[in-house]
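When a ligand or atom number is given, it counts from 1 through the structure's own listing order.
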Amino acid sequence: MKSMKTIVEQIDFRQMNMDIITRAGEILRSGGLVAFPTETVYGLGADALNEQAAKKIYAAKGRPSDNPLIVHIADMEAIVQIAEAVPEKARAVAEAFWPGPLTMIFQKTGEVPMGTTGGLDTVAVRMPDHNTARALIRAGGGYIAAPSANTSGRPSPTAAQHVKEDLDGKIDMILDGGPVEIGVESTILDMTAEPPMILRPGAVTREMLEGLIGEVAVDKSVIDADSHAAPKAPGMKYRHYAPKAELTVVEGSISRAVDEIIRLTGEKIAEGFKVGIIATEETVLRYSRGEVKCIGARGDEEAIASHLYGILREFDSIGTDYIYSEAFGREGIGSAVMNRLLKAAGQRIIDAGGK
Ligand code: TXA
Ligand code: MG
């Protein structure tokens, strides 16, 4: 692809420079690409109703063209133009969780080009909880397709620097709003299924949704990684969120897991490899060899979520060959963390026992 100059603009969501938003909006309206912060991860935006613009996203990311994009909106009224029917349950979910880290899938209208939905007759819709994102969506025409702003297959970007690493020279503009708040992508809830089905876990959990609308199913491929059922969200079938190193998750009692990671690290170092370790505040001092990164306190799943992708990228940038990670709790956003961690590991998990 021809290289272009990527403009980077700092933007503070508390004190937005509207000149910058207006310029970014014009780029989107004329079919260009702008990366922007959301509360989950950085998105790579294009006009969702302009098929040519949406196509540019696939080219810039190197994304398979059958992997549909999420359409981002800034106001609830916008939904009627793109979703054929919005069931009562979906209204209740939107009322409770929008703006926020939740995407819902509906039957699409004719307004949404097949180039945006990867040929599907459904459309994924999300209203992000981020002032800069919503201002940009409005300035760009109201319907912004935005996958995570990473090269396809790399960990999603949680800071503007990550976007730059992957997409500099391939997109028109990056809005740098600092580090994101949550750090893993939105929950995807398929409202065309009955009961509604979670296709990708995120910060809005099954329990939170069931408290509001009753039974919610979870896609088999999310619950049981060994089930060979194809995931219902096309993007979940790719070896996603992957670092360059071979990542292994070690579960079991914490002391057994630490001992096993120390043993494996020693083995690989003796063979001449560079080894990374994902540790926690409680265990970090026990590791004396390898490149050790502390992801947060055990039990603080939110901190762990916000550091995961950044740590995987750091290990890439120092050329790690093997990464060993402790396993984390599945409470709250923990189920999303373990889903992404195991995907990054290609489902490689070792049980160190003791539990
Ligand atoms: O938090 C997020 O959702 C971020 C930010 C930027 O909003 N976006 C994001 O987009 O994660 P992306 O493209 O990286 O992931 C979208 C996922 C993919 O797995 C895709 O296959 C699925 O959503 N998806 C999109 N439209 C769908 C549809 N109509 N049916 C089923 N899955 C769909
Ligand atoms: Mg993505």
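Atoms of ligand 1 lying under 4.0 Å from any heavy atom of Ser148, numbered from 1 in the order shown and given with element: 8 (N), 9 (C), 10 (O), 12 (P), 14 (O). Close contacts of ligand 1 with Ala124, meaning ligand atoms under 4.0 Å from a residue heavy atom, involve 25 (C), 26 (N), 27 (C). Contact atoms of ligand 1 toward Thr122: 28 (C), 29 (N), 30 (N) (distance under 4.0 Å to a heavy atom of the residue). Taking every heavy atom of Ser186 and a limit of under 4.0 angstrom, the matching atoms of ligand 1 come to 1 (O), 2 (C), 3 (O). Heavy-atom proximity to Leu120, at under 4.0 Å, picks out these atoms of ligand 1: 28 (C), 29 (N), 30 (N). Each of the atoms 6 (C) of ligand 1 lies under 4.0 Å from some heavy atom of Gly43. If you number the atoms of ligand 1 from 1 as listed, the ones under 4.0 Å from a heavy atom of Asn67 come out as 18 (C), 20 (C), 21 (O). Here is the list of ligand 1 atoms found below 4.0 Å of a heavy atom in Pro68: 20 (C), 21 (O), 24 (N), 25 (C), 26 (N), 27 (C), 28 (C), 33 (C).
Other residues, nucleotides and ligands contribute more than 12 heavy atoms inside 6.0 Å of the CD atom of Glu271. Heavy-atom contacts from other residues, nucleotides or ligands closer than 6.0 Å to CD of Glu331 number 12 or fewer. Summarising the local packing, NZ of Lys232 is surrounded by 12 or fewer heavy atoms from other residues, nucleotides or ligands at distances under 6.0 Å.
Considering each of Val184, Ile105, Val180, Asp66, the one bringing a non-hydrogen atom nearest atom 28 (C) of ligand 1 is Ile105. Which of Arg63, His72, His130 comes nearest to atom 7 (O) of ligand 1 through a heavy atom is settled by distance: it is His72. The option with the heavy atom closest to atom 22 (C) of ligand 1, from among Leu199, Val123, Ile188, is Ile188.
In this structure, Asp321 does not pair ionically with Lys244, as no charged nitrogen and carboxylate oxygen lie closer than 4.0 Å. The existence of a salt bridge linking Arg91 and Glu95 is excluded, since no basic side-chain nitrogen approaches an acidic carboxylate oxygen closer than 4.0 Å. Between Glu281 and Lys293, none of the side-chain N atoms (NZ, or NE/NH1/NH2) sits under 4.0 Å from a carboxylate O, so this pair counts as no salt bridge. Salt-bridge annotation for Lys89 and Glu194: present, with a side-chain N of the basic residue lying under 4.0 Å from a carboxylate O of the acidic one.
Between Lys232 and ligand 1, a contact under 3.5 Å exists for no N or O pair. In terms of polar-atom proximity, Thr40 is counted as a contact of ligand 1, with an N or O under 3.5 Å from an N or O of the ligand. Residue Tyr42 has no N or O atom closer than 3.5 Å to an N or O atom of ligand 1. Of the polar atoms of Glu185, none of the N or O atoms is found under 3.5 Å from an N or O of ligand 1, judged by distance alone.
Figure legend: cation-pi geometry between Lys274 and Tyr322 absent, as NZ or CZ is not positioned both under 6.0 Å from the six-membered ring centre and within 45° of its axis.
Residue contact annotation: Pro128 has no non-hydrogen atom under 4.0 Å from ligand 1.
Put simply, Ser156 stays out of reach of the Mg ion (ligand 2), with no N, O or S atom under 2.8 Å from it.
By the criterion of side-chain heavy atoms lying less than 4.5 angstrom apart, applied directly or through intervening Ile, Leu, Val, Met, Phe, Trp or Tyr residues, Val163 is not grouped with Ile182; the two fall into different hydrophobic clusters. Under the 4.5 Å side-chain heavy-atom criterion for ILVMFWY residues, a single connected hydrophobic cluster contains both Ile174 and Leu44.
One finds the CG atom of Leu102 at 11.0 Å from the OG1 atom of Thr40 (value rounded to the nearest 0.5 Å).
At a heavy-atom distance under 4.0 Å, only backbone atoms of Ala146 (N, CA, C or O) approach ligand 1.
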